Participant: 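I have a structure here, written as structure tokens, and I will follow up with some questions on it.
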Amino acid sequence: MNPVTSQIEPLITATAGTILLWALGRRLTANMSFDLGRGSYVGAFPFLGALLGAGLAGGIFWQQSFLALAAGTCLLTLTGFLRDRQRFSYLTLLPWCALITIASLFAATDTGGLFVISATVWALLIIFCLKIAAMVYEMPFILLTTSTLTQFILFSQQQFTQTAVLANLSLLTASIVMLIYSTGGRRVLTGSSGIFAAGFLLAAVSLLEGSGQLLIFGLFVPSMVILFPFALISTMIVASYFGNRLHHGNNRERIYSWSLRREKTVLFAGLFFLCLNFLALLVLIDAPGPAYFVLFLLFVFSLSVFVTAFARKETGNIIQTPAQIEILGITVDALLPAEVITRIDSYLRLTPEAAEKPTENFSGNNGAALFHIVTADSLALVRAGEDERFKNSMRRAALVVPDGAGVVWAADFLGTPLPGRVPGVALVSHICKTAGKAGWKVFFLGGKPGIAEQAAALLQQEHGIAVCGIEHGYFTPDSAEEEAVLEKIAAARPDIIFVALGVPRQEFFIARLRNCLKRGVAIGVGGSFDVISQTLPRAPYWMQRFGIEWLFRLWLEPRRFMRMLGIPLFVLQILRHKWNNDQKP
Ligand code: UDP
């Protein structure tokens, strides 16, 4: 099958098939709930419709290779549907996906053995890339359109089998229809069902025709392009998480410079991916010089879109920080350490009777007289999304302050910048400075035996604070030992209690403390005592200079590594939130 003209008829039927099955799919799934975010669920219906339409008009529907592809697509659609509906884990589904892919590729191509195995890995990789791209919901359509468009051009230049040409045509049609529909903010959700089906078809087309090189540029590179900023931001946060823990901002106004708008991101991505695809195409078909020139112009154009979309800093756009902002469903107070101290002072001046009648200022405390301050870093925000008990303890807190560059970055990125960070260590020394002057009684709880003593002694020496109790943090939760610690704190009647038990235990402990203490401020301060007591050695000077102090900390405490994996998850959740909720032009 060669000339493009012979593809007009299948093109029309593929379009009709897309629309028909899409409409049917919408009816069938109208009363089902899918936990995929805002938008209407279309699953793989448009892709199946296009495949059916193209196959019928192309007169190859009953050929073995086409039937095998169609059967594979249908089964993967079903597997993906199970994921969308029942939330089966990818690991459970993986063997089934692999089995279906192996069987249908085996039936579609007559070659067996090793080829089928490597082809299956290839297909699963492509599905994985499309899944990553689906972070921005119309990105898979863009990738599919640009990839299939270049294959379409390649197919019109050389001889290829009808099955591959028509399968490619159906993918192209369905993704263009979806793309056109989703302009203007309308959303169609393909879910795993659509991604599995489309990814499998795309892999099959490239394999049937040996045009895999096109996909390397068309799909892998773009997926890596999507992963790159994500990896960059994650590394940046990891670095600052461990690096300069004492750093905090002192300016209430921040310049809002993340001008990353959704439409521009999508336009840029489309153009950029097209350039990459065309480059591979030109190399493959041994194109003449002028073609490279046209590609160069296209690249310059996409670069200019990039510059206006990302690189231009919005000058003079200073945003006044609101009193509270929301990140991933958690309300964070936009305060600097000095302002936190003012709040603590006002809480401590409150009599228990007054505190029990919540006023506007103290409503977050729900009338309890022990005020809870949470220093939340990016990992705590991720945990809040997974752990309802922890989320509730954050919601009941009087203040949730941003501890860590991750939270500040997210606030900037979401367009509601925070004035700066309130790291636990800095907060402890700020509070002790005021406590020394105001005569607040301080209780130190947490850390290994001896650590809290060392930290308290150093702070007492520096600020002259009144220490009313010290207790290490190695006791079993909800045990008689814990009861004894609670009683000890209640008897000491402290104004300030630093609880250094780590997240989320310290927050749960403070929740219990509310029952036996009716006055004071309790602050979860994580590993602060280890830093203040100088138990954790600082990294060598050269490491600090190169900003890799965090690597040293990781070396000292390798158990942190697993927890650090939550940071990319945090970045991912923020990116998803931003790209899928930003409706601004
Ligand atoms: N800790 C404790 N009791 C425990 C577990 C931990 O007192 O049962 C202490 C630990 O010694 C460390 C702090 O709690 O000083 C937790 O620090 P980490 O850096 O792990 O927590 P994060 O600040 O990351 O929440």
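Everything numeric here is computed off the predicted structure, so don't read it as measured data. The analysis underlying the following values was restricted to heavy atoms, covering all of them including side chains, and did not include hydrogens, waters or symmetry mates. In each ligand, atom 1 is the first atom listed, and ligand 1 is the first ligand listed.
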Participant: Check whether any N or O atom of Phe475, backbone or side chain, sits under 3.5 Å from an N or O atom of ligand 1, and answer yes or no.
Facilitator: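 No; the residue has no nitrogen or oxygen that sits under 3.5 Å from a nitrogen or oxygen of the ligand.
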Participant: Hey, which atoms in ligand 1 end up nearer than 4.0 Å to a heavy atom of Gly447?
Facilitator: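 The atoms of ligand 1 under 4.0 Å from a heavy atom of Gly447 are 2 (C), 7 (O), 9 (C), 11 (O), 15 (O).
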Participant: Tell me whether Asp495 is salt-bridged to Arg519, with the criterion being a basic N under 4.0 Å from an acidic carboxylate O.
Facilitator: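 Result for this pair is yes, salt bridge flagged.
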Participant: Looking at Asp345 and Arg349, is any side-chain nitrogen of the basic one under 4.0 Å from a carboxylate oxygen of the acidic one?
Facilitator: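 Yes, charged N to carboxylate O under 4.0 Å.
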Participant: Taking a cutoff of less than 4.0 Å between a non-hydrogen atom of the residue and any ligand atom, is Phe529 in contact with ligand 1?
Facilitator: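 The answer is no: ligand 1 sits nowhere under 4.0 Å from a heavy atom of Phe529.
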Participant: Which ligand 1 atoms does Lys448 reach within 4.0 Å, using its non-hydrogen atoms?
Facilitator: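 It comes down to these atoms of ligand 1: 11 (O).
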Participant: Measure the acute angle between the ring planes of Phe529 and Phe444, then classify it against the limits of 30° and 60° as parallel, tilted or perpendicular.
Facilitator: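 Tilted: the ring planes of Phe529 and Phe444 meet at 30° to 60°.
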Participant: Is it true that Phe443 and Phe498 have ring centroids separated by less than 6.0 Å?
Facilitator: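 When the ring centroids of Phe443 and Phe498 are compared, they turn out to be at least 6.0 Å apart.
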Participant: Does the residue His472 have a heavy-atom contact with ligand 1, meaning some pair of atoms that are separated by less than 4.0 Å?
Facilitator: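 False for this residue.
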Participant: Of the listed options (Gln506, Glu471, Arg559, Arg563), which comes nearest to atom 24 (O) of ligand 1 when hydrogens are ignored and any heavy atom counts?
Facilitator: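 It is Arg563 whose heavy atom sits nearest to atom 24 (O) of ligand 1.
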Participant: Numbering the atoms of ligand 1 from 1, which are under 4.0 Å from a heavy atom of Asp530?
Facilitator: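 Per the distance check, 12 (C), 15 (O).
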Participant: Of the side chain and backbone of Ala500, name the one, both, or neither that has a heavy atom under 4.0 Å from an atom of ligand 1.
Facilitator: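 Within the 4.0 Å criterion, Ala500 contacts ligand 1 through backbone atoms alone.
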Participant: Considering the heavy atoms of Arg505, write down every atom of ligand 1 situated less than 4.0 Å from one of them.
Facilitator: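 So the atoms of ligand 1 that pass are 3 (N), 4 (C), 8 (O).
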Participant: Return a yes/no value for Val525: is any of its N or O atoms, backbone included, closer than 3.5 angstrom to an N or O of ligand 1?
Facilitator: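 Between Val525 and ligand 1, no N or O pair is found under 3.5 Å apart.
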Participant: Any idea which atoms of ligand 1 are less than 4.0 Å away from a heavy-atom of Val503?
Facilitator: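 The atoms of ligand 1 under 4.0 Å from a heavy atom of Val503 are 25 (O).
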Participant: Could you check whether the rings of Tyr90 and Phe196 sit parallel, tilted or perpendicular, using 30° and 60° as the cut-offs?
Facilitator: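 It falls in the tilted class, 30° to 60°.
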Participant: Regarding Arg512 and Glu482, does a basic nitrogen lie under 4.0 Å from an acidic carboxylate oxygen?
Facilitator: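 Yes, charged N to carboxylate O under 4.0 Å.
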Participant: Cation over ring, Arg396 on Phe508, under 6.0 Å and within 45°?
Facilitator: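 Output no; distance or angle outside limits.
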Participant: Is it true that a side-chain atom of Asp333 and a backbone atom of Val400 form a donor plus acceptor pair closer than 3.5 Å?
Facilitator: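 Yes: the side chain of Asp333 pairs with the backbone of Val400.
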Participant: When only distance counts, is Gly446 in polar contact with ligand 1, meaning an N/O pair under 3.5 Å?
Facilitator: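 No; the residue has no nitrogen or oxygen that sits under 3.5 Å from a nitrogen or oxygen of the ligand.
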